[in-house]
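Counting convention: from 1, in listed order, for ligands and their atoms alike.
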Amino acid sequence: MIHLSPELHDAIQNDLPVVALESTIITHGMPYPENVETALRVEQAVRDTGAIPATIAIIGGKLKAGLIKAEIEYLGKKGQSVIKVSRRDMPVICATKQDGATTVAATMIIAKMAGIKIFATGGVGGVHRGAIQTMDISADLQELARTNVAVVSSGAKAILDLPLTLEYLETMGVPVIGYQTEEFPAFYTRESGLNVDYRIDTPEGIASVLLQKWELELNGGVLIANPIPRVYAMPPDIIEAKIEMAVAEAAARSISGKDLTPFLLAKIEELTSGSSLKSNIELVLNNARLAAHISKAYMELRGE
Ligand code: PSU
Ligand code: MN
């Protein structure tokens, strides 16, 4: 059902550490050519840390893990004309043999099918601001509740309602672990004023929690919150003002559903003259490195 690259097939057979990577961030999260450059740099960061990258997407209706460079370039060039695919979209895109860029939710599903436990992204989806009216809650949160994959992210995107996102994760039984921090990071910034559930300071410590969770058959994922490196973080008041402008414009233009997140990310990039994109790229690289360390520690512990 799922097509693995030969390298990835071997890595999984031989219990080598692997890190899953999503493709919506390539097609809908960043403009071309930065999207392709970033996707390739993220893969290299995983390799440099000693793990195998597995970028995931749907191509011509086939679930694929371990995209080759030409496939990443193909998706990156097509950008937002590729369909953004979450759990609900998967059967239709596969049956009609289309291309699909996988969100965190869809990437988790395919990673699990492939036997990959650790996944790195920028920021997971969450409860949108105004969700009390719109009911816009990312399917990523439901997926974290049910699918056994750990997601390393810089918290949830600051465009969201972060307190409600954390409440939702609590209700769904998803542990939120801060890597070397007590504070839940807010994507472009290290601070949100909100606490994570647990602080753990080492990849080994995080790996042992994952192993324990799944040995106990407590199904579902874990959200590992890794703050953006200080030098790349944006000033909180400046970014918040831009987010508010972007959210107001989206409401005025009635942008909703799966178009909302890509619209907000692009608008914020425009309003910050590209500096939010720089932060976004750096935080993804940082998450890829941590995910590779956790994947290595997890495979070692599991072997014992
Ligand atoms: N992280 C980023 N950029 C992105 C995303 C995450 O740094 O573009 C994508 C992920 O694919 C995530 C999606 O699953 O945004 C959330 O979309 P929505 O809010 O429509 O569920
Ligand atoms: Mn949504």
Side-chain angles (χ1 to χ4, degrees), residues 20-32 34-35 38-39 41-42 55-58 75-76 79-80 82-90 100-111 119-131 133-144 147 149 151-162 164-165 168 185-189 221 223-228 232 234 239 243 246-247 250-251 254-269 276-288 291:
L21 301 164
E22 59 150 317
S23 44
T24 292
I25 191 169
I26 303 174
T27 54
H28 292 68
M30 292 180 191
Y32 180 80
E34 286 89 342
N35 57 356
T38 303
R41 282 179 69 199
V42 166
T55 302
I56 288 176
I58 302 177
L75 291 175
Q80 300 215 12
V82 181
I83 300 170
K84 173 178 165 185
V85 174
S86 195
R87 170 179 277 270
R88 67 137 189 221
D89 311 287
M90 287 176 63
T102 50
T103 61
V104 168
T107 305
M108 286 176 76
I109 295 170
I110 298 171
F119 165 17
T121 184
V124 292
V127 180
H128 277 272
R129 299 182 184 196
Q133 300 298 326
T134 63
M135 285 187 62
D136 189 346
I137 300 173
S138 176
D140 293 351
L141 298 184
Q142 282 287 336
E143 210 57 54
L144 278 163
T147 299
V149 172
V151 182
V152 180
S153 92
S154 299
K157 287 193 266 306
I159 56 174
L160 302 165
D161 187 321
L162 296 181
L164 290 190
T165 299
Y168 196 94
F187 199 65
Y188 303 116
T189 62
L223 182 59
I224 297 148
N226 185 31
I228 184 170
Y232 302 115
M234 300 194 67
I239 189 69
I243 291 169
V247 169
S254 301
I255 291 167
S256 64
K258 69 180 184 179
D259 297 331
L260 181 58
T261 297
F263 172 83
L264 292 174
L265 291 174
K267 192 82 218 166
I268 291 164
E269 188 202 324
S276 69
L277 177 60
K278 265 196 199 146
S279 296
N280 198 344
I281 292 169
E282 292 299 334
L283 66 85
V284 180
L285 286 166
N286 193 46
N287 293 342

For atom 11 (O) of ligand 1, closest protein heavy-atom neighbour: Glu22 OE1, 2.5 Å
Is any side-chain heavy atom of Val42 less than 4.5 Å from a side-chain heavy atom of Leu285? yes
Near the Mn ion (ligand 2), meaning under 2.8 Å, how many protein N/O/S atoms are there? 1
How many angstroms lie between OG in Ser256 and CZ in Phe263, if you round to the nearest 0.5 Å? 12.0 Å
Can you name the atoms of ligand 1, numbered from 1 with element, that are less than 4.0 Å from a heavy atom of Thr121? 1 (N), 6 (C)
Counting from 1, what ligand 1 atoms have a heavy atom of Leu265 closer than 4.0 Å? 3 (N), 4 (C), 8 (O)
Output, in order, the C-alpha distance, side-chain angles, deciding distance and verdict of side-chain contact (heavy atoms from CB on, under 4.5 Å) for Val104 and Phe119. CA-CA 9 Å; Val104 168; Phe119 165 17; 3.8 Å; yes
Taking atom types as modelled and ignoring hydrogens, do the side chains of Glu143 and Thr147 form a donor-acceptor contact shorter than 3.5 angstrom? yes
Shortest protein contact, atom 19 (O) of ligand 1 (heavy atom only): Thr261 OG1, 2.7 Å
Calculate, to the nearest 0.5 Å, the distance between atoms OG and CE belonging to Ser276 and Met30 respectively. 9.5 Å
Using a strict 4.0 Å cut-off to heavy atoms of His128, name the atoms of ligand 1 that fall inside it. 19 (O)
Ligand-side contact atoms (ligand 1) for residue partner Lys84, heavy atom cut-off under 4.0 Å: 17 (O), 18 (P), 20 (O)
Please report whether ligand 1 has a polar contact with Lys258, defined as an N or O pair separated by less than 3.5 Å (distance criterion only). no
Measure the NZ-OG1 distance between Lys84 and Thr24 for me, rounded to the nearest 0.5 Å. 6.5 Å
Report, in ascending order of atom number, the atoms of ligand 1 lying under 4.0 Å from any heavy atom of Phe187. 7 (O)
Ligand-side contact atoms (ligand 1) for residue partner Thr103, heavy atom cut-off under 4.0 Å: 11 (O), 14 (O)
Atom 3 (N) of ligand 1 has as its nearest protein heavy atom Ile25 CG1, 3.6 Å
How far is atom 21 (O) of ligand 1 from the closest protein heavy atom, and which atom is that? Ser138 OG, 2.6 Å
Enter the distance from Leu264:CG to His128:NE2 here, rounded to the nearest 0.5 Å. 7.0 Å
Closest protein heavy atom to atom 15 (O) of ligand 1, given as residue, atom name and distance to 0.1 Å: Lys157 NZ, 3.4 Å
Please examine the side chains of Gln80 and Thr27, heavy atoms only from C-beta on, and report whether any two atoms are closer than 4.5 Å. no
Under 4.0 Å between heavy atoms, the region of Asp140 that gets near ligand 1 turns out to be side chain
Straight-line distance of Leu265 CG to Leu277 CG, nearest 0.5 Å: 10.0 Å
Interatomic distance, Thr261 atom OG1 to Ile25 atom CD1 [nearest 0.5 angstrom]: 12.0 Å
With heavy atoms under 4.0 Å as the rule, classify the contact between Asn280 and ligand 1 as side chain, backbone, both or neither. side chain
Can you confirm whether Pro185 sits close enough to Asn226 that some side-chain heavy atom of one is under 4.5 Å from a side-chain heavy atom of the other? no
Quick one: which ligand 1 atoms are inside 4.0 Å of a heavy atom on Gly29? 8 (O)
